[in-house]
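To keep things clear, I will list the structure first and then write my remarks on it.
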Amino acid sequence: MSPFAKHVIHQHQPLRWAMIIIGIVLLTAISIWLYLKPTTHLRIQFRTLQQHSQQLETVNQQLTEQNLELAQKFESQQQIMAIQQARDEQLQNQLSKLQTEVVHLNKELMFYQNITQGSSSSKLQIRELDLRASDSQSDMVDYRLVITQSKKISKPLTGAVTITLNSQNNGENEQLIVGEHQLNLRHVQVFEGQIQLVSNSVPENISVTLKQAKKKKLSRSFDWQIDSNN
């Protein structure tokens, strides 16, 4: 190096370095702020969404509880309606039976009035035979036989009553005694019983025979006809 080379001496500038440092700090702060700004916004949005989700969850829980309560009320109402419907059907059946019973009672009342008032025949009669399907067994038929007389007598008429079912079974006539009763009659005597139907047998009619002192006194045949009012 030449001993004559020139050296430049610069003056120390502390303000310049301070400005540079301040600038660097500002740039760093701005960068950090720009970086954190969207993150903070997102956090605020996330918190808002969280709060909204919690509100929706609360509302959903309330709606679920209300729906469960309504479902229970609906089921309870359905049960009440079913019970009421069953009661209505039961009452309707009872009313129908009572109406049928009233019809029969009125019929019997008129019958007994005719007997007691002398408006019917005073002779000994096999008056009527009613047949009704049994409520308990499909192969059974209930019968009700009425025998009357309205003459003034000192003691009851006695004898035997035989009820015979006449049927067709595989093309052959078939007779079957289905009831035997003791007669002890003043004005009206009612006999009741059951007829058991035989398989492959087709009923045609019923014969009623009344005997006194082992001699036939009366006989009458009734067509096989089930009372539809039962």
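These values consider heavy atoms only, across backbone and side chains, with no hydrogens, waters or symmetry-generated copies.
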* Asked: Given side chains that start at C-beta, do those of Leu131 and Ile195 come closer than 4.5 Å, heavy atoms only?
  -> yes
* For Ser154 and Arg186, which heavy atoms make the closest approach, and how far apart are they? -> O-NH2, 3.4 Å
* For residues Thr162 and Lys211, determine if any side-chain heavy atom of one lies less than 4.5 Å from a side-chain heavy atom of the other. => no
* State plainly whether one hydrophobic cluster holds both Leu197 and Val202, where clusters connect Ile, Leu, Val, Met, Phe, Trp and Tyr through side-chain heavy atoms under 4.5 angstrom apart. => no
* **Of Thr64, Thr58, Leu56, the residue whose pairing with Asn60 passes side-chain contact (heavy atoms from CB on, under 4.5 Å)** => Thr64
* Asked: Looking only at heavy atoms, which two atoms of Trp224 and Pro203 are closest? And how far apart?
  -> CD2-CB, 3.4 Å
* Exercise: do Gln92 and Asp88 side chains pair donor with acceptor under 3.5 Å -> no
* Asked: Taking Glu180 for the side chain and Ala160 for the main chain, is one N or O donor matched with an acceptor at less than 3.5 Å?
  -> no
* **Cluster link Leu129 to Ile177, ILVMFWY, side chain under 4.5 Å** => no
* To do: Determine whether more than 12 heavy atoms belonging to other residues, nucleotides or ligands lie under 6.0 Å from atom CD of Glu57.
  => no
* **CD-CG distance between Glu204 and Asp223, expressed to the nearest 0.5 angstrom** => 10.0 Å
* Arg220 (side chain) donor-acceptor with Ile126 (main chain) under 3.5 angstrom -> yes
* Asked: Is there side-chain contact between Phe191 and Val208, with at least one heavy-atom pair below 4.5 Å?
  -> no
* To do: Calculate, to the nearest 0.5 Å, the distance between atoms NZ and OG1 belonging to Lys217 and Thr209 respectively.
  => 14.5 Å
* May I ask you to decide if Glu89's main-chain N or O and Asn93's side chain share a donor-acceptor pair within less than 3.5 Å? => yes
* If you draw a 6.0 Å radius around CD in Gln78, do more than 12 non-hydrogen atoms from other residues or ligands fall strictly inside? -> yes
* For Gln212 and Thr158, indicate whether the former's side chain and the latter's backbone hold a donor-acceptor pair under 3.5 Å. => yes
* Asked: CD of Gln182 to CD of Gln189: how many Å apart, nearest 0.5 Å?
  -> 9.5 Å
* Are any non-hydrogen side-chain atoms of Asn166 and Ser207 less than 4.5 angstrom apart? -> yes
* To do: Kindly compute the distance separating CZ (Arg132) from CG (Asp142), expressed to the nearest 0.5 Å.
  => 8.5 Å
* Side-chain heavy-atom pair His181, Ile163 within 4.5 angstrom cut-off -> yes
* Nearest 0.5 Å please: distance from the OG atom of Ser201 over to the CG atom of Leu165. => 6.5 Å
* Just wondering, are more than 12 heavy atoms of other shown residues or ligands nearer than 6.0 Å to CD in Gln168? -> yes
* Asked: For Asn169, which residues count as a side-chain hydrogen bond (donor to acceptor under 3.5 Å, both in side chains) partner, sequence neighbours excluded?
  -> Glu174
* **Min side-chain heavy-atom separation Gln196-Met140 under 4.5 Å** => yes
* Identify, with sequence neighbours excluded, every residue that meets side-chain contact (heavy atoms from CB on, under 4.5 Å) alongside Gln61. => Glu65
* Can you tell if the side chain of Leu210 reaches within under 4.5 Å of the side chain of Leu124, non-hydrogen atoms only? -> yes
* Backbone N or O of Glu128 within a donor-acceptor pair of the Arg144 side chain at under 3.5 Å? -> no
* Asked: So how far is it from Asp130 CG to Tyr143 OH, rounded to the nearest 0.5 Å?
  -> 13.0 Å
